[in-house]
Amino acid sequence: MTANANDSLGQLIEQWIKPEIRSMSAYHVADAQGMIKLDAMENPYDWDDSIVESWMETLRNVHLNRYPDPGADQVKQQLRDVMNIPASQDIVLGNGSDELIQLLALAVSAPGKTLLTVEPGFAMYRQISLVTELSFQSVALTADFELDMPELLSQIEKQQPALVFLAQPNNPTGNLFGEDKLRQVIEAAPGLVVIDEAYTPFTDADYLNLADEYNNVLVMRTLSKAGLAGLRLGLLIGNPRWIAEFEKIRLPYNIGVLTQASAEFALKHFDVLRQQTNLIREERANLYQELSNIDGLRVWNSEANFILFRTQSGQAKTIFEGLRARHILIRCLDGAHPLLKDCLRVTVGSAAENEAFLKALRAVL
Ligand SMILES: Cc1ncc(COP(=O)(O)O)c(C=O)c1O
C-alpha cells in the first residue's frame, strides 16, 4: 500500500469508527506457546481417550449443513439438571458469559445509563460498557478486597445504575462478599443486579435462590471454568419475563451445532468434570499452603480456581518475567488497579504444574 493510500485509510477509520473504540486496545491474550499455562483459569485436565472417542462418535452425527436448534433446548434441560436450576427460572445461552454481558449491556444501553461494578474486578464489564456506550462506574473494594458498603450504597443512590455486576467469587481476588451485603446491594439497586457465578465449581456458595427471591436479580454462569473453556458456553438465569426480553436480542443461532452437540455430550459426563474440579479444589488448598510458607509473600484465600498473592514491593514484574523465562505463564496484575500493586495471580493447575510453578517461583525469589 502506498503512503497516500495508507493515510486515506487512516482518515476513513477515524471518520467512521467511534472514538471510544479507536482509543481501546483489543483484549490481550499472552502467547502461551510452550508454556505451563496458569494465567487464564482453565481446568488443566483432559478427558480420557475413551471419552474422547465417544465424543468423536457423537460429532459424526452432527449436520453441519443445518442451522442449530435456535433455543438449544436439550442443552438447557441438561444444564437445569446438573446445576439444579428451578423450573421458576429461565435460561438464555451465550457464546461464553462474555457474550451475555454484552447482551445485557445492549438491552439496557441508552444515553445516561450506567453500569456499576466493583474494582478490582473482571475486566470485561468495563470493556463492554465502553462499546455499548453505557457509562462505566466502579467502586473500589477495601484494602482487604471486601465491599465498601457505605461507598457502594452511596454510588447506587447517586448513579441509579441500570446494571450492577458482582462476581461471586470475585475475579481476581477470589473471595466472596457475603450474602448480607449482596442483599443490601440488591435491595438498594433500582435496576438489575447480575451475580456472576463464573467460579461456581470451586465454591459451596450459590446465590441462585436470590433470583427467585428478588425481581431484579439474574445469575450468570459458564461452563468455561468447569473444564469447557474452549466450548464457549455461558448461561444467564432469571425470571422468564426478563429472559424473554433478552431472547429478543440474542442472535438467533449463537450456539452452533458443534457446541450444542459437545455440550450435550459433556453434560452427560458432568461427573467427570466434577471430579476434576474437586481435584482442583484440593490442589488449591495445597498451593495456598505452599505459597503461604514462602517468606515475603502475602497470599489471599480463594473460593475460585486461582490464587492472588502479593510480592515484596516492586518485585511483581521481575517475578512474572522470571517465571516466564522458566516457561511458567501466570498473570501479573501490578498496575491493573492501585489495590493490586505488587500482585500476581496464578491459576490452580494439576499437581505437577503447581509443583513446577512453585519450584520456579522459589528459584526467582
Ligand atoms: C468473573 C468472570 N465472569 C465471566 C468470565 C467469562 O467467562 P466465559 O469464558 O464464559 O466468557 C470470566 C472469565 O475469566 C470471569 O472471570
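Bear in mind that the values here come from a model prediction, so they are computed numbers and not experimental data. Here, residue 1 is the first one in the sequence, and each next residue gets the next number. When a ligand or atom number is given, it counts from 1 through the structure's own listing order.
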Colleague: Below 30° counts as parallel, above 60° as perpendicular, anything between as tilted: where do the rings of Tyr125 and Phe122 land?
Modeller: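 Tyr125 vs Phe122 ring planes: perpendicular.
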Colleague: Quick one: does ligand 1 sit under 4.0 Å from the side chain of Asn171, the backbone, both or neither, non-hydrogen atoms only?
Modeller: side chain
Colleague: If you measure from each non-hydrogen atom of Met220 to ligand 1, which part falls under 4.0 Å: side chain, backbone, both or neither?
Modeller: neither
Colleague: Identify the closest protein heavy atom to atom 11 (O) of ligand 1: which residue and atom is it, and at what distance?
Modeller: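 That would be Arg232 NH2, 2.8 Å.
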Colleague: For the side chain of Asp31 and the backbone of Gln33, is there at least one donor-acceptor N/O pair under 3.5 Å apart?
Modeller: yes
Colleague: With a 4.0 Å cut-off on heavy atoms, is Lys225 in contact with ligand 1?
Modeller: yes
Colleague: Within the 4.0 Å heavy-atom shell around Ala167, which atoms of ligand 1 are there?
Modeller: 1 (C)
Colleague: Any sub-3.5 Å donor-acceptor pair from Asn215's side-chain atoms to Asn239's backbone N or O?
Modeller: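 Not at all, since once roles are kept as given, no pair shorter than 3.5 Å links the two residues.
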Colleague: Tell me if a side-chain donor or acceptor on Ser109 pairs with a main-chain N or O of Thr132 at a distance below 3.5 Å.
Modeller: yes
Colleague: Report, in ascending order of atom number, the atoms of ligand 1 lying under 4.0 Å from any heavy atom of Asp98.
Modeller: 6 (C), 11 (O)
Colleague: Give the numbers and elements of all ligand 1 atoms closer than 4.0 Å to a heavy atom of Gly96.
Modeller: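 Answer, ordered by atom number: 10 (O), 11 (O).
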Colleague: Please verify the inter-ring angle class for Tyr253 with Tyr67; under 30° counts as parallel, over 60° as perpendicular, anything in between as tilted.
Modeller: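 Aromatic pair Tyr253/Tyr67 classed parallel.
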Colleague: Could you tell me, atom by atom, which parts of ligand 1 come under 4.0 Å of a heavy atom of Ser224?
Modeller: 8 (P), 9 (O), 10 (O)
Colleague: Which option wins on minimum heavy-atom distance to atom 5 (C) of ligand 1: Phe165, Tyr199, Phe122, Tyr125?
Modeller: Phe122
Colleague: Checking contacts here: is it the side chain or the backbone of Ser97 that comes within 4.0 Å of ligand 1, counting heavy atoms only? Could be both or neither.
Modeller: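 Contact part for Ser97 vs ligand 1: both backbone and side chain.
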Colleague: Does Met41 offer a backbone N or O that forms a donor-acceptor pair with the side chain of Asn305 under 3.5 Å?
Modeller: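 Yes.
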Colleague: What residue and atom, counting heavy atoms only, is the protein's closest point to atom 2 (C) of ligand 1, and at what distance?
Modeller: Asp196 OD2, 3.4 Å
Colleague: Hey, is Glu99 touching ligand 1 through its side chain, its backbone, both or neither, going by heavy atoms under 4.0 Å?
Modeller: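 Neither part.
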Colleague: Looking at Asp90 and Lys76, is any side-chain nitrogen of the basic one under 4.0 Å from a carboxylate oxygen of the acidic one?
Modeller: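 Judged by the 4.0 Å cut-off on N to carboxylate O distance, Lys76 and Asp90 do not form a salt bridge.
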Colleague: Run the salt bridge (Lys or Arg N to Asp or Glu O under 4.0 Å) test on Arg183 and Glu179 for me, step by step, so that the C-alpha distance in whole Å, both residues' side-chain angles and the decisive distance to 0.1 Å come before the verdict.
Modeller: CA-CA 6 Å; Arg183 284 180 185 274; Glu179 186 166 332; 2.8 Å; yes
